[in-house]
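Structure first, then comments.
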Protein chains: 2
Amino acid sequence: MKRIGIKDLARLLSLNVSTISRALSGHPDVSPETRERVLDAAREFNYHPNLHARFFRKKNSGLIALVLPELNSFFIPELIQGVHDAVEKKGYNVIMFISGDSPEKEAEIMDHCLSWVAEGVLVSVSNRTVETGHFRAIQSAGIPLVMLDKVIHTADFSTVTINDHSAAWSATEHLIRSGCRKLLGVLGNPGLEITRERAKGFADCLEARGFLPEMSRIITIENIASGEEVLMEEVIRGGYDGIFVMSDELLLFVYPALAAAGLYPLKIRLAAISDGKLPHAIFPQVPYVQHSGYQTGRTAAEKLLDEISGKDPAIRHFTSGINLVYPR
Amino acid sequence: MKRIGIKDLARLLSLNVSTISRALSGHPDVSPETRERVLDAAREFNYHPNLHARFFRKKNSGLIALVLPELNSFFIPELIQGVHDAVEKKGYNVIMFISGDSPEKEAEIMDHCLSWVAEGVLVSVSNRTVETGHFRAIQSAGIPLVMLDKVIHTADFSTVTINDHSAAWSATEHLIRSGCRKLLGVLGNPGLEITRERAKGFADCLEARGFLPEMSRIITIENIASGEEVLMEEVIRGGYDGIFVMSDELLLFVYPALAAAGLYPLKIRLAAISDGKLPHAIFPQVPYVQHSGYQTGRTAAEKLLDEISGKDPAIRHFTSGINLVYPR
DNA sequence: TTGAAAGCGCTAACAG
DNA sequence: CTGTTAGCGCTTTCAA
């Protein structure tokens, strides 16, 4: 069935296309009766504006690009929802890209954003990205870009993250306060800013509390499959009484491994940084510092929209507050 | 900085726009030297085609719409990834919508799809949707539509789901085989096809295995917040030795509630339908029938792409195989 | 092998 | 209040 256009309506109603256009977009210069007739006809013939044509003409696309390195189970879905809620309120739509954690792919995606004339770009940076040329290209095309969650800290881009250092510190301190004397930190990809900051928060807190170097250790789990072995070997050898887990993804396998070995909850305490769902699904509940995906996504999207509308063009770095959640 | 277009390149190289267009799109009728010059200039001046203009002209948008009622923790992220992988291979991009589980919103979104001239629509139907007029509107505009996961079974739309009935049956049978004699089924939204089918699979299996009506019961958890109370009251009263849990979302709270009460793993066995991550994160691991989000997304997207390219215009209902995963 | 020109659907001057 | 018209960036006939 042929798609009906503004021209068809014009012919049908023996009016001019511009009158139709005006009636449809609520322009004041059009008589109420005419407007009604047009609106009725539009409904009747199932008219839908062609946004490509409209935006093509008006030089803006109504699209916000959301670029993610990969999807995970807790944080990212919430983040997407946050972005979505913020963006939708202003009538924008989301076009989503997944870089698969590849900087090359990421660069291609930036080209796509340019080609789609996205009005703004939200990007959670790939773990292996070091070069930022492709991001600057977006900016120099006049398109606002905000980094969220996984970011590169320079003076050039606005960012939205949590304060990873203090989140890790806070979780670590909770373990110490609970009486732990020998601590293990379980961390993810070491190339990431987010990992380095959390590792540092963990280490700094220990130092500040007078822990000697031999009273703590950090292990890195890059691959969940082999992770359990690495973890259990260290745990058994080390005699730990507390473990700091850096993320939900890690907690998802640290918990059953310890439980199966009979170590949690009897011999070892846990504390995590989490979006907040998983710790409640574990028994006994794990204390955690909340890292809200929804807030991150929403804040970043709102900042981006402000930049788009010229309201807050300054580069800013938002770090959301930390709050520790104890089991009830 | 002004965006550079095909016209600017033409002026720069003293060529005609059509030559540029041809060179850029790899048309054979253009001399190798000219092509080189054009490609070089495009790179140098950072040319990016305007897809709105291109697709506007060519009558197709390169967009696949993905419409979801809401995001969850395990299944949906995998589904998105599956859709993404399939679609990207063919050069399409994904424009994402969230209906918030509202039929009205869903109808609006269908209008957006029309307005964006999406070339295909993938939709996981809102729980409360009964009227399908807005979906037919898409089809009668000549746009293929495939439903996935949450679907409405009619002769009009292709669908991709798992065989919910046999998944539930299989999980239930596993409990019976393990020796359970009194079973509880924990189900979600009762308005959903998916829920009805799983409830039926549970009940049918029990009947086939000779369970008397008083040896089983079904409870419905619509709201996670109040769910724990409902669950525990029933569990304590009923004296169950096995519980069938219909989804990851439900398992996420059923497990800690039972564990906290000291019932799991000692007195009660569990079996679930799950994407496959969460059961491994629980101790002891929960047997489950796998419901793969990735496969669902991927299969649906591939079917959609086939329909778009005219390869498989028939309406089909795919139900993926079931396999039961035991704890190792 | 290249150029000229029309037209995709819509908006926005400008004119009446 | 309504009509006329040009043009957004690109592809695609048709001509040269």
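Proteins come first, then strands; the chains are lettered A, B, ... in the order of their sequence lines, and each starts at number 1. Keep in mind that the numbers below use all heavy atoms, side chains included, and drop hydrogens, waters and symmetry copies.
Atom CG of A:Leu114 is separated from atom P of D:dC10 by 12 Å (rounded to the nearest Å). Computed from coordinates, the B:Lys59 NZ to C:dC10 C1' distance equals 11 Å when rounded to whole Å. When rounded to the nearest whole Å, the span between CD1 of B:Ile20 and C1' of C:dT1 equals 14 Å. Whole-Å rounding puts the A:Phe56 CZ to C:dC8 C1' distance at 9 Å. Atoms CG (B:Asp8) and C1' (D:dC10) sit 13 Å apart, rounded to a whole Å. Rounded to whole Å, atom P of D:dG9 lies 13 Å from atom CG of A:Asn60. When the P atom of D:dT5 is taken as reference, atom CD1 of A:Ile6 falls 17 Å away, rounded to whole Å. Atom CG of A:Leu9 is separated from atom C1' of C:dG9 by 12 Å (rounded to the nearest Å).
Partners of B:His52 according to the ring pair (Phe, Tyr, Trp, His ring centres under 6.0 Å) rule, which considers only residues two or more places apart in sequence or in another chain, are A:His52, A:Trp116. Residues that satisfy the ring pair (Phe, Tyr, Trp, His ring centres under 6.0 Å) test with A:Tyr92, not counting sequence neighbours, are absent from this structure.
Taking CG of A:Leu304 as the start and OG of A:Ser309 as the end, the distance is 9.5 Å to the nearest 0.5 Å.
A donor and an acceptor atom, one from each side chain of B:Thr132 and B:Arg136, are located under 3.5 Å apart. Of the N and O atoms on the side chains of B:His153 and B:Glu193, not one donor lies less than 3.5 Å from an acceptor on the other residue. Side chains of A:Ser31 and A:Thr34: a donor on one and an acceptor on the other come within 3.5 Å.
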**Asked** For every nucleotide of nucleotides 2-7 of chain C, 5' to 3': is a protein heavy atom under 4.0 Å from its base (B), only from its sugar-phosphate (S), or from neither (-)?
**Response** BBB-BB

